[in-house]
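Atom set for the values below is all heavy atoms of this structure, side chains included, hydrogens, waters and symmetry mates excluded. Numbering starts at 1 and runs along the sequence shown.
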Amino acid sequence: IMLLGLCFLAGCFFKPQITKEQQNNVATRIVRNYDVQEIEFVDFDKNQSSGSYELVLKLNNDENKKTIILIREMEFLDKSEGELSLNPLGRFKDLKRKEIITGEVDLSSIKIKYIGEK
């Protein structure tokens, strides 16, 4: 029982990790749907009560453009294809593209600050 308790406590103290490639996949999804010049990944953590992951990010260096993306499965981070909507919708309406980019996305023109990067 004591060993089981220690394993539970250890799980509470270790933060989940998100790779640079996974952050690039999220950035690609954002750029497909939103017209942004800068993406700052602020934090990545697991919500112990819901079991989902929370990715905090800020767009265009604007505190009003800060949001949390809830991720149920880590596999979501391994793909750059697929829909991604930022909430609340009204806060990001001015950045929403009229037409979604369906082809390749070039991130070289986007300033990206990754988690753990200074």
Chi angles and distances behind the side-chain contact (heavy atoms from CB on, under 4.5 Å) call for E38, I110
CA-CA 5 Å; E38 184 176 340; I110 309 296; 5.8 Å; no

Between V36 and K111, is there a side-chain heavy-atom distance shorter than 4.5 Å?
no

Sequence neighbours left out, what passes side-chain hydrogen bond (donor to acceptor under 3.5 Å, both in side chains) with N64? Give chain and number order.
none

Minimal non-hydrogen separation, I112 against N24, with atom names
CD1-OD1, 3.8 Å

Can you tell me if K113 uses its side chain to pair, donor with acceptor, with the backbone of I39 under 3.5 Å?
no

Heavy atoms of V31 and R97 approach each other most closely as O-NE, 2.7 Å

From CD (E40) to NZ (K65), nearest 0.5 Å
15.5 Å

Report yes if the side chains of L57 and K66 come closer than 4.5 Å at any heavy-atom pair, otherwise no.
no

Single-linkage hydrophobic cluster V56~F76, side-chain heavy atoms < 4.5 angstrom
no

Between the side chains of D78 and Q22, is a donor N or O closer than 3.5 angstrom to an acceptor N or O?
yes

Closest heavy-atom contact between F92 and N87?
CE1-O, 3.5 Å

Main-chain N/O of E81 paired with R29 side-chain donor or acceptor, under 3.5 Å
yes

Residues which pass ring pair (Phe, Tyr, Trp, His ring centres under 6.0 Å) with Y53, listed by chain and number, not counting sequence neighbours:
F44

Decide whether L95 and L86 are clustered together by the hydrophobic rule: side chain heavy atoms of Ile, Leu, Val, Met, Phe, Trp, Tyr closer than 4.5 Å, transitively.
yes

For N25 and K79, work out which heavy atoms get closest and say how close.
CB-O, 3.4 Å

Considering residues at least two apart in sequence or located in another chain, which fulfil the side-chain hydrogen bond (donor to acceptor under 3.5 Å, both in side chains) criterion with E63?
K58

Please identify each residue that fulfils side-chain hydrogen bond (donor to acceptor under 3.5 Å, both in side chains) with S85, with sequence neighbours left out.
none

Treating Ile, Leu, Val, Met, Phe, Trp and Tyr as nodes and any side-chain heavy-atom pair under 4.5 angstrom as an edge, say whether L59 and L107 lie in one connected cluster.
yes

Cluster link I68 to M74, ILVMFWY, side chain under 4.5 Å
no

Would L70 and R72 satisfy side-chain contact (heavy atoms from CB on, under 4.5 Å), going step by step from the backbone distance to the final call?
CA-CA 7 Å; L70 295 177; R72 291 187 187 163; over 6 Å; no

Begin with the C-alpha distance, continue with both residues' side-chain angles, and end with the deciding distance and a verdict on salt bridge (charged side-chain N to carboxylate O under 4.0 Å, His left out) for K98 and D35.
CA-CA 10 Å; K98 291 189 187 335; D35 184 23; over 6 Å; no

Please name the pair of heavy atoms, one in I18 and one in L55, separated by the smallest distance, quoted to 0.1 Å.
CD1-CD1, 4.1 Å

Applying a strict under-4.5 Å side-chain criterion to I, L, V, M, F, W and Y, I'd like to know whether I101 and I30 cluster together.
yes

Minimum heavy-atom separation for Y114 to K20, with atom names?
CE1-CE, 3.3 Å

I100 side chain near E83 side chain, heavy-atom distance below 4.5 Å:
yes

Among all residues two or more places apart in sequence or in another chain, which pass the ring pair (Phe, Tyr, Trp, His ring centres under 6.0 Å) test with Y34?
none

Mind checking what makes side-chain contact (heavy atoms from CB on, under 4.5 Å) contact with N47, not counting sequence neighbours?
S49, S50, S52, E54

Where the side chain of R32 meets the backbone of E104, is there a donor-acceptor pair that is under 3.5 Å apart?
no

